[in-house]
There are 2 protein chains.
Amino acid sequence: MTSDNELKYWMGFDLGGTKMLAQIYDDNWEVLAKEKKRTKPGTSAKQGVDRIIDTIQDALKKADLTPKQLKGIGIGCPGPIDMEKGILLDLPNLGWEEVRLQEQVSKELGCPVAILNDVDAGTYAEYRVGAAKGTRTAIAVFAGTGIGGGCIYRGEILRGSRISAFEIGHIQVMSNGPRCGCGQRGCLESVASRLAIAAQAARTAYRGDAPNLLDNSGVDLSKIRSGALSSSIQKGDQAVEDIISEAARYIGIAVASSVNLIGPEMVVLGGGLVEAMPELFVPQVKRSANKRVMPAYRDSFEVVAAKLEDDAGVLGAALWAEHQLSPTKED
Amino acid sequence: MTSDNELKYWMGFDLGGTKMLAQIYDDNWEVLAKEKKRTKPGTSAKQGVDRIIDTIQDALKKADLTPKQLKGIGIGCPGPIDMEKGILLDLPNLGWEEVRLQEQVSKELGCPVAILNDVDAGTYAEYRVGAAKGTRTAIAVFAGTGIGGGCIYRGEILRGSRISAFEIGHIQVMSNGPRCGCGQRGCLESVASRLAIAAQAARTAYRGDAPNLLDNSGVDLSKIRSGALSSSIQKGDQAVEDIISEAARYIGIAVASSVNLIGPEMVVLGGGLVEAMPELFVPQVKRSANKRVMPAYRDSFEVVAAKLEDDAGVLGAALWAEHQLSPTKED
C-alpha cells in the first residue's frame with residue numbers, strides 16, 4: 001500500500017478563451033469545489049499560466065486541500081495540442097504559442113498533469129459517463145458558433161501523429177461552398193455552424209420570409225443565437241426550419257464520411273445549436289448520414305443527443321487525467 | 001523453449017474476385033513457394049473455402065511443408081470483414097455472405113489464421129516494409145478501377161467497431177456529383193477512379209480533343225486503361241492530362257479530410273493509375289491536400305508513391321498474420 005491509495009481527488013480544468021474553470025472531483029465524480037476566473041486577454045503566456053495556477057490554488061483552498069492531495073489534474077484547452085509532450089501549440093485568440101503547459105503546471109504544483117483539447121475532453125466525458133457510455137468507438141460533433149468534433153477510438157481519444165485530431169468542422173461538405181474561418185471553402189463549419197445558419201436566417205428575415213425572427217432578433221447576427229432560431233421556428237418560421245434542416249443534412253454528410261473512415265458505433269451531437277433544437281437535428285443528421293454511408297455501414301451506428309451540458313469539458317478533462325495518470329495503469 | 005520456435009514460415013493469401021494466390025515466406029520475408037488458382041465464379045461459399053484450402057495445400061506441397069510447419073496464415077479478402085471474429089461479411093461479386101473463413105481454414109489445417117481486408121493488407125505491407133516504413137500513423141489510397149484506402153493508426157490497422165474501415169473511395173468530394181457504384185453521388189471513386197477518368201477521357205476523345213487516345217484506344221472504356229491514359233498524355237493529349245490533374249485534385253480533397261480527422265504522418269498513393277503516372281498524381285495530390293487541410297496540419301504529412309507492387313496484398317496478409325499471431329505477442 002502506498003500513500004497514493006489515500007488520494008481520492010482529481011481536478012478538471014477548462015481553459016476557455018473568455019473564462020477558466022477549475023473543479024475538484026471526489027472518487028464518485030461529484031464536484032467538491034470549483035473556482036472560475038476570467039481569462040484576461042492581451043496577457044503573455046507566462047501570465048496566463050500563472051493565472052491558471054492561481055485558479056487551481058483557489059479551488060484547492062475552497063476544498064481545504066493541497067496540490068499533493070490531488071491524484072492529478074486534467075487541463076482542456078482550445079486549439080491544437082501535442083498530447084504526448086503536453087504542449088499547447090497555438091491559442092490564436094490569446095496569442096500564446098508552444099506553451100509547455102503540462103510541465104509548467106506539474107512542476108509548480110508537484111502533482112501529475114495531463115493536457116488535452118477541450119472538444120476531446122467533452123467527447124471523452126460523453127464516452128465515459130454520458131450519451132456514448134458503454135461504447136468502444138464513438139464520435140461527437142459539437143455545433144455552436146463553430147463546429148468541433150472528437151473521436152474515441154477503442155477507448156482512447158483519437159490523436160493525430162503530431163497533434164490532436166478529428167477536426168470534423170473543417171472537412172469539405174460543399175464544393176465551392178462559402179468561405180470558412182480556416183481559409184478554405186465549403187467546410188462543414190462554413191455551412192452548418194450557428195454563425196452560418198444565422199447569416200442565412202438573417203438574409204431570409206431581411207427578405208421578409210421569417211417574420212418571427214425579424215420581430216425578435218432583427219438581422220444582427222450577434223443576436224441570432226440558437227435560442228432565437230428555435231423560438232422563431234416554434235412560432236412558425238418555416239424558412240428558418242428549412243435552413244436548420246439543410247444544416248443538419250450537411251452535418252450528416254460529414255458524419256457519413258467519418259463513419260466510412262472510422263466506423264463508430266455511436267454519434268453524439270451536442271453544442272448550443274443541438275441543445276436548443278435536438279428534435280430537429282438528431283433525426284435529420286441520422287437520416288442524412290445513414291443515407292450517405294456505404295451500404296455495409298448502414299444502421300451500424302446510432303445518433304443521439306449529448307447528455308452532459310456545460311460541465312462536459314471540465315469533467316472530461318478530469319476523467320482523462322484519471323485514465324492517463326492512474327497509478328494502477330502503471331502497476 | 002517450445003516447438004513454436006522452430007517454425008519459421010508464414011503464409012500470405014490473397015483472395016481476389018478473379019484469382020487466389022498463396023505465398024509462403026521465410027523469416028526474411030522471401031518467397032519460398034507460391035500457388036495461384038482462378039477464383040471460380042458461381043460457386044458456393046463452401047466450394048470457395050475448399051478451393052482456398054486446396055490452393056494453400058498445393059503451395060505447401062511445393063515447399064515440401066505441412067500446415068503444422070506454418071506459424072500462421074494471413075488471408076486478405078475484398079469487401080467488409082469482421083476482423084475480431086474472422087468473418088468475411090459480404091463478397092458481392094461471388095455471392096458469398098457471412099463466411100466464417102478464419103475458423104474454417106484454421107480448423108481444417110490446424111494452424112492459426114488471421115483474416116483482413118485486402119486493401120488493409122496492402123496498406124499494412126507499405127507500412128511494414130514499403131513507402132510508409134518507420135511511421136506510426138499512415139494512410140494509403142489505391143486508385144485503380146475503383147478507389148480503396150487503408151489506415152495504419154499507431155502501428156495497428158484502423159478498424160471500425162463492427163467491420164473494417166477507411167473507405168476513402170466513398171467519402172463525398174463533389175456535391176451532387178456523378179453516381180457512384182455504392183448508390184451515392186460525388187464519392188471520390190465516382191470522380192477519380194480509372195473508370196471515372198476513362199469515361200471523361202472517352203467523351204473528350206469522341207469530341208476530338210484527345211487525338212492520341214482516340215487513335216490508340218478509341219472510346220471503349222474497357223480499353224482506356226491506365227497505361228493508355230499515360231501514353232496519350234506523353235504523346236501530347238493535354239485534355240487527358242487536365243482530367244488526370246482534376247482527379248488528383250479530388251483525391252487531395254479526400255486526403256485533406258482524412259488528415260483533418262486522423263492526422264497521419266504519411267500518405268501513400270498506389271494502384272494502377274498512380275503506378276502509371278506517379279509524376280502526375282503525387283505532386284498534385286500533395287498540393288491539393290496541403291492547401292485544403294486546416295492550417296495546423298499544413299506540411300504535417302508527406303505524400304509518396306507506394307513502393308510495393310502486385311504482391312503488396314499477399315505480403316501484407318502474411319505480415320499481419322505475424323503481427324497478430326506471433327507467440328511472442330502472448331508472452
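Side chains are part of it too, since the values below use all heavy atoms of this structure and drop only hydrogens, waters and symmetry mates. Here is the naming used below: chain letters follow the sequence lines, and residue numbers restart at 1 for every chain.
Using a 4.5 Å cut-off on side-chain heavy atoms (C-beta onward), A:Val285 and A:Val274 make no contact. Inter-residue side-chain proximity for B:Tyr297 and A:Glu167 is flagged as met; some heavy-atom pair is nearer than 4.5 Å. A heavy-atom distance below 4.5 Å is found between the side chains of A:His170 and A:Cys180.
Heavy atoms closer than 4.5 Å to chain A are found nowhere in B:Cys151, neither backbone nor side chain. Residue B:Ser164 touches chain A through its backbone alone, counting heavy-atom pairs closer than 4.5 Å. Contact of B:Ala256 with chain A is not made at all, since no heavy-atom distance falls under 4.5 Å. For B:Leu158, the parts sitting under 4.5 Å from any heavy atom of chain A are the backbone and the side chain alike. Heavy atoms closer than 4.5 Å to chain A are found nowhere in B:Val259, neither backbone nor side chain. Both the backbone and the side chain of B:Met174 come within contact range of chain A, with heavy atoms under 4.5 Å apart.
For the options A:Pro80, A:Gly183, A:Cys187, heavy-atom pairs under 4.5 Å to chain B are most numerous at A:Cys187. The candidate with the highest count of non-hydrogen atom pairs below 4.5 Å against chain B, out of A:Ser300, A:Pro295, A:Cys182, A:Ser258, is A:Ser300. When each of A:Ile253, A:Ile171, A:Ile168 is checked for heavy-atom pairs under 4.5 Å with chain B, A:Ile171 comes out on top. Heavy-atom pairs under 4.5 Å with chain A were tallied for B:Gln184, B:Arg154, B:Met294, B:Arg185; the largest tally goes to B:Gln184. Chosen from B:Gly160, B:Gly79, B:Ser175, the residue pairing most often with chain A at heavy-atom distances under 4.5 Å is B:Ser175.
Side-chain N/O atoms of A:Gln172 and B:Arg292 include a donor and acceptor closer than 3.5 Å. A:Arg203 and A:Gln200 form no side-chain donor-acceptor contact under 3.5 Å, judged by distance and modelled atom types alone.
Distance check, rounded to the nearest 0.5 Å: OH of B:Tyr127 to CD1 of B:Ile139 gives 15.5 Å.
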Q: Check the pair B:Val293, B:Phe301 against side chain to side chain contact (heavy atoms under 4.5 Å, CB included), reporting the backbone distance first and the verdict last.
A: CA-CA 11 Å; B:Val293 292; B:Phe301 59 94; 4.1 Å; yes

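Between B:Glu84 and B:Arg159 there is a salt bridge, since a side-chain N of the basic residue sits under 4.0 Å from a carboxylate O of the acidic one.
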